[in-house]
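Numbering of ligands and ligand atoms starts at 1, following listing order. The basis for the numbers below is simple: all heavy atoms, side chains too, and nothing from hydrogens, waters or symmetry mates.
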Amino acid sequence: MITEDLDIDHALAPTVAEINLAHLRHNVRLLQRRAGTAAVMGVVKADAYGHGAVPVARVLREEGVRHFAVATVPEGVHLRRAGLTEPILVFGAPLPEYLPACVRHNLDVTVDSPATAEAVIRTARTVGPLRVHVEVDTGMGRTGVSPTGATAVVRRLERAPGVTVAGLYTHFATIRDAFVVEQAERFAAVVAELGGEVPAFHAASSGTLLSPPTHFPLEGAALVRMGVALYGIYEPPDDEAPALRPVMTLRSRITHLKTVPAGTSVSYDRTWRAPRRTRIATLGAGYADGYPRALSNRGEVGLHGQRFPVVGVICMDMMMVDLGPPGTVSAGIGDTVVLFGEGGPSTAEVARRAGTITYEICCGIAPRVPRRYHDAPSSPPLFPEESV
Ligand SMILES: *Cc1c(COP(=O)(O)O)cnc(C)c1O
């Protein structure tokens, strides 16, 4: 018989992602204030960017969040089975065969094209009622109906029995140049064309909300769709972003320790050789945990408040760190090492060194890495003057 032994899962994994739910609370309160009259939609796709969709959604709900979004139908079903009763929007363009499950599990559908609108109307007639958000492609070039066709699609859906048009939205391709204004204007034109009977509309994701207000031209939006900012790993293009706190810290442990003579090579393909007599720590983490292999000979980790370089090629399940000549740092078998987060490099730094973005780092942390949840600040408030 196979049984689940959660103690072993959680206690005996060398690499653990610590999830600081107090930081999540701090971030969502800050974003709610920033959003003004718009409500925060909690974007919990990709298992809440690797943080765990169910615990994250539970905390967001406690903080007053009443709208959620995921990427796929199974992600939405997962939240329904966990007891979430609030509206859940599925961002991904639905294939027609997904729609009956959206009826059954009360998931809001993105209408990304006139063809999807027809499939929705058919499903509502034959299976059961559907709520939809119509997406307008104002320049993202991914999904959405064209700005010129949007009004007709909205009106047709509104007349269809069993269909509720709960929203109208667009997604920005960039916040870093004037194109954001162009997109906003295209969207505003659709909103204006719909006149007084426009459904609740929304356009901002984290970058848009956190950019200077001149870049946030959509007065009257009902929702702001918050993903990366909730998790405290938004990388601002300028210094104006508010003080978000990183929610995830990735830690691993020293599982092997040795002193090697100068010239010793470390790991596959011998890409690194000890320049002097030095101590090498082997950690129980590798690219199969989601630590990017691109950080081979490039990454740094935190140990007892100091930083040490990753040396040699990162393996599937292990990686090596140069602790310097004996005596540089006191380190022992079992010691905890910070791969990113509090006590080590920031997620943003790790992403930069790996040539990617924070999103990919966090949602790439593998399922075999247990998530360990804390709901109290791990340290005194970072910004005690803030009234959150
Ligand atoms: C993922 C996503 C978001 C959230 O984006 P962040 O940059 O993480 O805030 C918002 N809207 C859509 C359509 C998305 O796909």
Side-chain angles (χ1 to χ4, degrees), residues 23-24 27-28 30-32 34-35 38-53 56-57 60 65 67-73 75-76 79 87-94 107-113 116 132-145 150 166-176 179-180 183-184 186-187 199-211 215-216 218 221-237 241-242 244-248 347-348 351 356-365:
H23 285 188
L24 178 66
N27 294 340
V28 68
L30 200 149
L31 295 169
Q32 280 166 330
R34 178 104 180 180
V40 167
M41 172 183 267
V43 179
V44 293
K45 62 193 183 191
D47 204 25
Y49 295 37
H51 296 68
V56 164
L60 293 180
V65 172
H67 300 267
F68 294 87
V70 294
T72 67
V73 173
E75 287 179 343
L79 288 172
I88 300 173
L89 172 61
V90 180
F91 286 145
L107 301 175
D108 294 0
V109 172
T110 290
V111 171
D112 63 300
S113 69
T116 297
V132 303
H133 290 232
V134 175
E135 187 191 6
V136 185
D137 183 3
T138 57
M140 176 65 184
R142 186 170 69 175
T143 49
V145 301
L168 177 81
Y169 76 99
T170 195
H171 193 50
F172 292 109
T174 175
I175 54 158
R176 287 163 211 250
F179 192 60
V180 67
Q183 281 195 265
R186 288 177 193 161
F187 190 57
F201 62 88
H202 46 105
S205 55
S206 299
T208 330
L209 183 68
L210 297 176
S211 300
H215 290 183
F216 181 49
L218 288 153
L223 298 166
V224 290
R225 305 185 303 266
M226 293 294 106
V228 77
L230 286 175
Y231 310 110
I233 48 168
Y234 172 68
E235 295 176 82
L244 299 166
R245 297 180 187 173
V247 175
M248 183 189 288
T347 317
T356 182
I357 54 175
T358 56
Y359 299 68
E360 194 183 26
I361 297 294
C362 282
C363 71
I365 300 306

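Atom CZ of R142 and atom CG of D137 lie 9.5 Å apart (nearest 0.5 Å).
Close approach of ligand 1 to V228 is summarised as follows: ligand atoms under 4.0 Å from at least one heavy atom of the residue are 6 (P), 7 (O), 8 (O), 9 (O). Close approach of ligand 1 to R142 (heavy-atom distance below 4.0 Å) involves ligand atoms 13 (C), 15 (O).
Nearest protein heavy-atom neighbour of atom 7 (O) of ligand 1: Y359 OH, 2.6 Å. For atom 8 (O) of ligand 1, the nearest non-hydrogen atom of the protein is Y49 OH, 2.6 Å. Among protein heavy atoms, the minimum distance from atom 9 (O) of ligand 1 is reached at S206 OG, 2.5 Å. R225 NE, 2.8 Å is the protein heavy atom nearest to atom 11 (N) of ligand 1. Given atom 2 (C) of ligand 1, the protein heavy atom at minimum distance is K45 NZ, 2.5 Å.
The backbone N or O of P246 sits less than 3.5 Å from a side-chain atom of H23, completing a donor-acceptor pair.
Side chain to side chain, T358 and Y49 fail the donor-acceptor criterion of an N or O pair below 3.5 Å.
Taking any N or O of G207, backbone or side chain, none lies under 3.5 Å from an N or O belonging to ligand 1. For M226, no nitrogen or oxygen atom sits less than 3.5 Å from a nitrogen or oxygen atom of ligand 1, counting backbone and side chain alike.
Under the rule for a ring-ring contact (aromatic ring centres under 6.0 Å, His included), F91 has no partner lying at least two apart in sequence or in another chain.
Here H171 has side-chain heavy atoms under 4.0 Å from ligand 1, and that is the only part of it that gets that close.
Classified by interplanar angle (parallel below 30°, tilted 30° to 60°, perpendicular above 60°), the ring pair F201/F187 is perpendicular.
With E135 as the fixed residue, the side-chain contact (heavy atoms from CB on, under 4.5 Å) test singles out one of T143, L168, V145: T143.
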- Task: Evaluate the side-chain hydrogen bond (donor to acceptor under 3.5 Å, both in side chains) criterion for residues S211 and T208: first the C-alpha distance (whole Å), next the side-chain angles of each, then the deciding distance (0.1 Å), finally the verdict.
- Result: CA-CA 5 Å; S211 300; T208 330; over 6 Å; no

